[in-house]
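Read through the structure below, which is laid out as structure tokens, and then see the notes.
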Amino acid sequence: MKASDAIVKCLEMEGTDVIFGYPGAAVIDIYESLQVSPIKHVLVRNEQSVVHYASGYARETGKVGVCIVTSGPGATNTITGIATAYMDSIPVVVITGQVNTNLIGTDAFQEADMKGATQPFTKHNYLVQDATQLPKILKEAFFIANTGRKGPVLVDIPKDMQEQKIAFDYKDKVDIIGYKPTVKGHAGQIKRAIQRIKAAKRPVIYAGGGILSSGAKEGILIFAEKTGIPVINSLMGVGGFPQDHPLYAGIVGSHGYAYSNEIIGKTDLLITIGARMSNRSTTGFYKLNPEIEFIHVDIDPAEIGKNRGYTLPIVGDAKVVLRSLIEKAEQMDFTAWIDEIQELKDHHAPASQESAPNGYIHPVDIIRYLSDNTEEDACLVADVGQNQIWSALNYQLRKDRKFLTSGGLGTMAYSLPAAIGVKIANPDRQVICVIGDGGIQMCIGELAVAREQNAGVKIILLNNGKLGLVREMQQDIFGKGHTAAIDLNYQVQFPKIAEAYSMNGFEVSSFDEFQKVLDQVLKNDEPCLIQCNIHPDTRTLP
Amino acid sequence: MKKHVLSLLVENNSGVLSRIAGLFSRRCFNIDSLTVGTTEDEALSRMTIVVTGDEQTLEQIKKQLNKLVEVIKVVELEPIESISRELVFIKVKADNATRSNVIEISNIFRANIVDVAKESLILELTGDGVKIEAFMELMEPYGVLEFIRSGATGLQRGSVVLKEK
Ligand SMILES: Cc1ncc(C[n+]2csc(CCOP(=O)(O)OP(=O)(O)O)c2C)c(N)n1
């Protein structure tokens, strides 16, 4: 069998039904083989977005997202996407073409050392030097990407490797001697964890993205209810716990809720599950009582103790560890603590409506309206910047709703391709993309993909004419009126751009108008863009 | 901060050394020395890495190394339960007046003379860090022209082996 056919066959056997890519000479054979495959190919408009599409697909389906690009410039264009997936532990396999093996190292036309370039931010990567190894390598790549702590794996395939004839032998088991993730939590540690919980007065569960990637949403709910312990999320953990639940205690971090950061300061037992104690999330933790008991559950042993000392480590998959914890847990009574938390919540209760100057809408009102009017299983994908913070803090995650964003690397232009990826993976889900006028201009061409694929993503463009979050930072640090290099001066008429891509575009400048337009567009499943005019001075922080 | 000697069993793939070295540079861990060679099983290589750091850094280094797919096992070589040696070549000035002194000291240290020239000698010495430092110090006054150290390499004592995990 031709090796390029074998590559496509491997993808089919891994259950891949959509692959996102951009062709070129170095992958032309694989594209030829794809022609006769049932796998659907989505042509992105810039490789910069390709991994984000695959990331949206992966986060929606729980399967590995797959993308394919040519060598050299095609491959280097994927780098930000790969690093983004790495920081957020999203399983993707990136297939890059490479120049012929005899040209590697000669600075040949369109040659780039992708194995070297992506070493620091792939979970693992391969350069194929023996075509007969291709099936084994691809099998391993999928396995590594979607087990243990998930992440991106790159497979760099020289063109001559794709052209060879090989025997197709696809094993159904993988055995990598150096890669055996610990899934089950140590029984003794589980027992000790329960003892510490019993001894605690003000315990808090700090739940991260690991809850979502291990499918432990149900587990954490049962555990929290059984023990009566409140749950705080990290940004990546948003959506992992129902936000209308009495035990929900908000989001921590530099852009979390003030009350959540206060709760963290009062706790005597912190149970971190699937969160990596990142510097952004733990800014509120400086108030932590130094005597605190700290249980850290993570599938990646290296996360335990990396940023903070621990008192009790448990290495294992969040879902599996939670199952063991639930088994041993007893009903406990922390009502005094829950009441105290409720008081803090009430004290910080937000205003019912925000005020915006005439001719503008307050973004918080927009997100709240989305929260009240989108489906109970809608998926909101937020970009990076002020729009991300407003979304995370005001869109209520209940039932089967999802919230996706680039939490780790904070990559602008993530949300549009990721949202389209979600919609392509699951056309039945209502998908909302929230993005700033800076972010969308980094990926504007992807509007074409939304149209062409009939991916009915509703793009909520928070248009403030600025790189809003940078403006806010500049003013906080350097003083009011001080701004530099953040004006997106030339007012772009985004609805016209949408129309040029054959989709409906709207511009709204008051909350009333927004409500009307949204009500109308939510009735159909067409992609559309709503430019919402936000006053440039609107802040995320009070 | 203490020096620690780590012994690693890794897959003998192209690029594995740069992956490991890259991990150290990316995370700002310092390598004092690194030696590598194939093992009795040619699909595997053994590395000895000497690092300086506190306990927390050491724990992170071990955990991060273990995360690499091609790393099969990492152990710390404790001085009592392991042996480790380093090789040095020292080119030292030695003319008629000083040659016999240099040779005498070399004999005491069981260093080998591997090259003799009119004005200099090259001495070969194997030993642990302390022995090598001591020898170098004694050679210093004669004029060390240049030297090269291999970095430490080591094994656990007794019948324990770095088994697959
Ligand atoms: C690729 C990339 N470049 C730069 C930044 C730095 N950055 C963070 S937020 C931000 C402003 C984003 O502006 P916009 O997209 O208009 O969103 P807003 O903050 O106004 O909601 C910038 C430039 C980034 N996060 N990602």
Side-chain angles (χ1 to χ4, degrees), chain A residues 83 86 89 101 104-105 113-130 133 136-137 140-145 147-156 174-182 276-277 296 298-310 313 315, chain B residues 4 6-31 34 36 38-47 49 51 53-76 161-165:
Chain A
Y86 182 72
S89 307
T101 39
I104 292 178
D113 171 14
M114 287 308 290
K115 186 166 153 159
T118 61
Q119 217 154 61
F121 42 77
T122 42
K123 189 169 169 191
H124 194 50
N125 62 17
Y126 297 87
L127 169 62
V128 178
Q129 285 168 299
D130 172 359
Q133 294 295 304
K136 177 171 179 273
I137 287 174
E140 286 183 6
F142 275 86
F143 180 72
I144 292 168
T147 52
R149 177 173 183 177
K150 300 175 182 186
V153 178
L154 180 124
V155 186
D156 198 24
V174 175
D175 186 28
I176 307 167
I177 44 174
Y179 180 71
K180 304 264 160 37
T182 305
R276 63 193 175 91
M277 309 301 284
H296 197 168
D298 208 292
I299 187 124
D300 179 358
E303 283 308 337
I304 301 176
K306 186 179 79 180
N307 295 340
R308 200 175 189 288
Y310 50 83
V315 177
Chain B
H4 304 271
L6 300 177
S7 181
L8 276 72
L9 198 61
V10 304
E11 286 192 59
N12 183 13
N13 297 343
S14 76
V16 65
L17 179 60
S18 92
R19 214 187 282 280
I20 286 170
L23 185 150
F24 277 81
S25 71
R26 167 163 105 79
R27 297 203 180 258
C28 287
F29 301 142
N30 208 19
I31 301 183
L34 189 160
V36 58
T38 50
T39 64
E40 59 286 352
D41 176 350
E42 63 182 42
L44 305 178
S45 293
R46 194 185 302 277
M47 290 186 188
I49 307 180
V51 296
D54 56 20
E55 284 303 317
Q56 208 251 335
T57 311
L58 180 72
E59 181 182 321
Q60 258 302 299
I61 291 175
K62 286 197 230 167
K63 284 175 164 179
Q64 293 294 345
L65 285 170
N66 265 314
K67 249 173 95 161
L68 298 177
V69 170
E70 287 153 321
V71 171
I72 296 160
K73 187 102 186 186
V74 181
V75 295
E76 183 173 1
V161 292
L162 271 192
K163 278 195 297 270
E164 296 170 12
K165 33 178 181 185

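Lettering follows sequence order; numbering is per chain, from 1. Remember, it's a predicted structure, so these values are computed and weren't measured experimentally.
- Tested against A:Ile177, the residues B:Val69, B:Leu9, B:Ile72, B:Val71 include a single side-chain contact (heavy atoms from CB on, under 4.5 Å) partner, B:Ile72.
- Side-chain atoms of B:Gln56 come within 3.5 Å of backbone N or O of A:Gly305 as a donor-acceptor pair.
- For a residue to count as touching a neighbouring chain, one of its non-hydrogen atoms must lie under 4.5 Å from one of that chain's; by this rule B:Thr57 does not touch chain A.
- Between the side chain of B:Lys63 and the backbone N or O of A:Lys306 there is no donor-acceptor pair closer than 3.5 Å.
- Proximity to chain B (any heavy atom under 4.5 Å) is shown, for A:Glu140, by neither the backbone nor the side chain.
- The minimum heavy-atom distance between A:Ile304 and B:Glu59, with the atom names listed, is O-OE2, 3.9 Å.
- Using a 4.5 Å heavy-atom threshold, the side chains of B:Arg26 and A:Gln119 count as separate.
- When every heavy atom of A:Ala302 is checked against every heavy atom of B:Lys67, the shortest pair comes out as CB-CD, 3.7 Å.
- Here B:Gln64 is the residue among B:Glu11, B:Gln64, B:Arg27 with the most heavy-atom pairs under 4.5 Å with chain A.
- The contact between A:Asp300 and chain B is made entirely by side chain atoms (from C-beta outward), counting heavy-atom distances below 4.5 Å.
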